[in-house]
Every structure is written in C-alpha cells, then in structure tokens.
2 protein chains.
Amino acid sequence: MTAEAVFDQMLEVTLLLQTDMTRSLSALGLTGMKTHLLWEVHQNGPCPQQRLAQALGVSPRHVTGLVDALGCDGFARRLPHPHDRRAVLVELTDKGTATMTQMQEQRSRDAAALVADLDARRVEQLRQGLDAVLTRLRELVADADSGDAGGVR
Amino acid sequence: MTAEAVFDQMLEVTLLLQTDMTRSLSALGLTGMKTHLLWEVHQNGPCPQQRLAQALGVSPRHVTGLVDALGCDGFARRLPHPHDRRAVLVELTDKGTATMTQMQEQRSRDAAALVADLDARRVEQLRQGLDAVLTRLRELVADADSGDAGGVR
DNA sequence: TATTGTTATACTCTATAACTATA
DNA sequence: TATAGTTATAGAGTATAACAATA
C-alpha cells in the first residue's frame, strides 16, 4: 500500500537525517544536546542554567556537565548573574556564536539541495502533504503521551 | 523560503518519530538497537553474532551484551551452531516472534493513520516528493561519508 | 594463522540524591 | 523555607584490546 511506502520513506528520512546530524556535529566536537543548548543561548541570549534545564528537558545536573564541556571546548562560558548570586548566566563565546551562525547557513544550503530536483509547484505539494502528515503525527505522539502519563483520562 | 519550510518539517518528523519510537519501545523493555537485532533475526532466521554485528554496524562485544539482555528478557536465545563450534546462532523465542509481528501490525495501522486526511492522489504526490528528497539526502550522506573516510579522492 | 565470541576495562550520556550558598 | 548550582554516585550504551576455543 502507498501509505506504508510513505511511512517507510519517513523512517528512512529519520535515519539519514539523524546519522548525518550526529556525524557532522561530532566533527565539531558537539552532540545533539550540546548543540541544542548552544542554540537556546544563541536565540535567547545569556541564560541561567535552571532555565536551560527546563528548555532542554534534562536535569540541572546534566546542564552543569554540558556547560562544563562546552566551556572546556571554548563554545560557551559562565557569567555571574547580575541580581542573584546563586545563579550563573551561560553565554556564547565568539567561537560559539560563529559555530551557530555557520550551522544556520549550512542548514539553508542543505534545505535548497534537498529539493533541487523539484519545481516550485512540487515543493509546495510536498509541503502541504507533510503538513497533513505532521498534524496526524503530533496527535499520535500527544495521545501516547497522555496515555502514558494520565492513565485512563 | 519553501525549501526551508520542508526541511523544518522533515526535522520535526525526525524528532517526533524518534521520540515516539523510543517511548513505545522502552515500554516493551526494548531499545532501538535491540529491536534492530530482533528485526534482523525475524527477517533472516537464526544468525551468528558476527553477522549481526556487521548488519547493525556495532562491535561484536556489543552484540554479546545485546543478546545477553534479550535473553534475560526472553526475546531471544542462543543455539549452538550446527557446523562451527566456535559460533552460536541467535534465534527468537515465541515472545520475540510475537513482539515483532505485533510491531509490524502496529506499523501498518500507524502508516494508515498518518495519511488518513489525504486522498489517494495526494498520498501519491507525497510519495513522489519524498522519493526525490530521499535521493538527494542519500547523496548528501554518502558524500559526507566518503569525505570522512576516503580523504581527498 | 585466522575467526568467533567473551572477559576486562574505560569513556560518554544521563539520572537521582545529598549538600552548599544564597534568597 | 525555597531555589541555583555542584559534588557524589550510579546505570545505561558503546568502544578497544587481550584472551580462549575452534577452524
């Protein structure tokens, strides 16, 4: 059935995208989590670790380790929080900022390369198809979520 | 640009599919790797660990651990190899076979649910669009591969 | 001598709990 | 008393290297 073909394709996309991302990040000495953290700080500016832990959905302890490692590799550093002496702010170094900027540019190039074989009408059809699938997929995941957490409902 | 919208959608598909898969597998006491191993054996029948290591792209040592864990949880077991006393064959238990069969059925249901909002023509358009994107994506990944491994060439 | 699998060891990612300093 | 972050500890997942049994 065609539905299964589409599902298989999406699984392959998932596999390839993940493989490629893991590999290109590890060439920079980064992991998905470290990159996610860097991305948050790049988007929102200097940020206390507590908030990063919530944004990334990991433990505060884990953020300590992440920031330690990113500090070691020169991507980020800790600043004293101006009003709360318990907290620290994490900010990007020049290297961290440059890395995030390059990543954005690379993403644009990859996006263009991916649909290079399709004319504009086809790309738009693809976008609409993926939109419908994503709507359903979000529902499926949310259902499983509440089923896990909420029990009977 | 629309190309970037499509790219973002594919990233979201990747994220959702992976989140959902990790969660539903862990409810069964499985990981992606263990499931992949089970899948190989389910498809190809009893199999020496060496071949599994190559199929999964992991170290032989890792397969030992995987098979130990799967044996512990009753999904698979080791058999003596009939012709080579160095080797063992890994085969599925009834529980392992039943689990793989259920997974296939669930996959069919999920595939149908995902495109439920689209008529057959739209699904076919989506399939063709994804096909073009996948062709490019495979190239991108393969290029990065040879760039990593093969050097200048 | 080459191959299959295992024992020994280590590194990364991630979590929980106890503790310190500050609010 | 509550909050931010760190120290201590632990458990997956994965790798390499050395070793045993067999080919």
Side-chain angles (χ1 to χ4, degrees), chain A residues 15 18-19 21-23 25-38 40-41 44 46-73 75-91 148-149, chain B residues 15 18-19 21-23 25-38 40-41 44 46-73 75-91 148-149:
Chain A
L15 185 66
Q18 184 173 252
T19 301
M21 207 153 288
T22 302
R23 179 172 46 202
L25 291 180
S26 89
L28 298 169
L30 291 172
T31 62
M33 266 299 172
K34 288 181 193 171
T35 308
H36 191 168
L37 192 158
L38 254 23
E40 286 290 325
V41 180
N44 308 321
C47 186
Q49 294 189 185
Q50 195 63 223
R51 238 187 68 203
L52 290 173
Q54 291 170 333
L56 306 190
V58 300
S59 64
R61 175 60 185 91
H62 192 181
V63 173
T64 297
L66 256 14
V67 175
D68 285 351
L70 289 168
C72 235
D73 295 340
F75 290 106
R77 74 169 77 87
R78 290 184 172 90
L79 290 182
H81 190 293
H83 306 312
D84 185 340
R85 279 195 297 173
R86 293 170 306 178
V88 299
L89 293 179
V90 180
E91 74 166 1
D148 260 6
Chain B
L15 185 66
Q18 183 172 252
T19 302
M21 209 152 286
T22 302
R23 180 174 44 203
L25 290 181
S26 88
L28 297 170
L30 291 172
T31 62
M33 266 298 171
K34 288 181 193 172
T35 307
H36 191 168
L37 192 158
L38 254 23
E40 286 291 324
V41 180
N44 307 323
C47 186
Q49 293 189 186
Q50 194 64 224
R51 239 187 68 203
L52 289 172
Q54 291 170 332
L56 307 190
V58 301
S59 63
R61 175 61 184 90
H62 192 182
V63 173
T64 297
L66 255 16
V67 175
D68 285 352
L70 289 168
C72 234
D73 295 340
F75 290 106
R77 73 169 77 87
R78 290 184 172 91
L79 290 182
H81 190 293
H83 306 311
D84 185 341
R85 279 195 298 174
R86 294 171 305 179
V88 299
L89 293 179
V90 179
E91 73 167 3
D148 261 5

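First the proteins, then the strands, lettered A, B, ... as listed; each starts at 1.
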Looking at every strand, decide which applies to A:R51 at a 4.0 Å heavy-atom threshold: base, sugar-phosphate, or nothing. nothing
B:L52 atom CG is separated from C:dT4 atom P, nearest whole Å, by 12 Å
Identify all side-chain donor-acceptor contacts of residues 50-57 of chain A below 3.5 Å with residues at least two apart in sequence or on another chain.
none

Listing, residues 26-37 of chain A side-chain donor-acceptor contacts under 3.5 Å, not counting sequence neighbours, or none:
from: A:S26; atom 1: OG; to: A:R23; atom 2: O; distance (Å): 3.3
from: A:T31; atom 1: OG1; to: A:K34; atom 2: N; distance (Å): 3.2
from: A:T35; atom 1: OG1; to: A:T31; atom 2: O; distance (Å): 2.7

N/O (side chain, A:Q50) to phosphate O (OP1/OP2, D:dA4) under 4.0 Å = yes
The side-chain hydrogen bond (donor to acceptor under 3.5 Å, both in side chains) partners of A:R85 (sequence neighbours excluded) come to none
Minimal heavy-atom distance between A:P82 and A:L89, with the atoms involved, is CD-CD1, 3.8 Å
(request) Tell me what B:V63 touches on the nucleic acid: a base, only sugar-phosphate, or nothing, going by heavy atoms under 4.0 Å. (result) nothing
Separation of D:dG5 atom C1' from A:Q54 atom CD, nearest Å, is 14 Å
Close N/O contacts between protein and nucleotides 19-23 of chain D (under 3.5 Å):
from: D:dA23; atom 1: OP1; to: B:R85; atom 2: N; distance (Å): 2.8

Separation of C:dG5 atom P from B:L37 atom CG, nearest Å, is 12 Å
By salt bridge (charged side-chain N to carboxylate O under 4.0 Å, His left out), A:E91 pairs with (sequence neighbours left out) A:R77
From CG of B:L56 across to P of D:dG13 the rounded distance in Å is 14 Å
With sugar-phosphate taken as primed atoms, P, OP1 and OP2 and all else as base, the protein-contact string of nucleotides 9-20 of chain C at under 4.0 Å (heavy atoms; B, S, -) is ----SSSB----
Across all chains, not counting sequence neighbours, the side-chain contact (heavy atoms from CB on, under 4.5 Å) partners of B:T19 are B:L15
Sorted by chain and number, sequence neighbours left out, side-chain hydrogen bond (donor to acceptor under 3.5 Å, both in side chains) with A:D84 holds for A:R86
Applying side-chain hydrogen bond (donor to acceptor under 3.5 Å, both in side chains) to A:D68 and not counting sequence neighbours gives A:R78
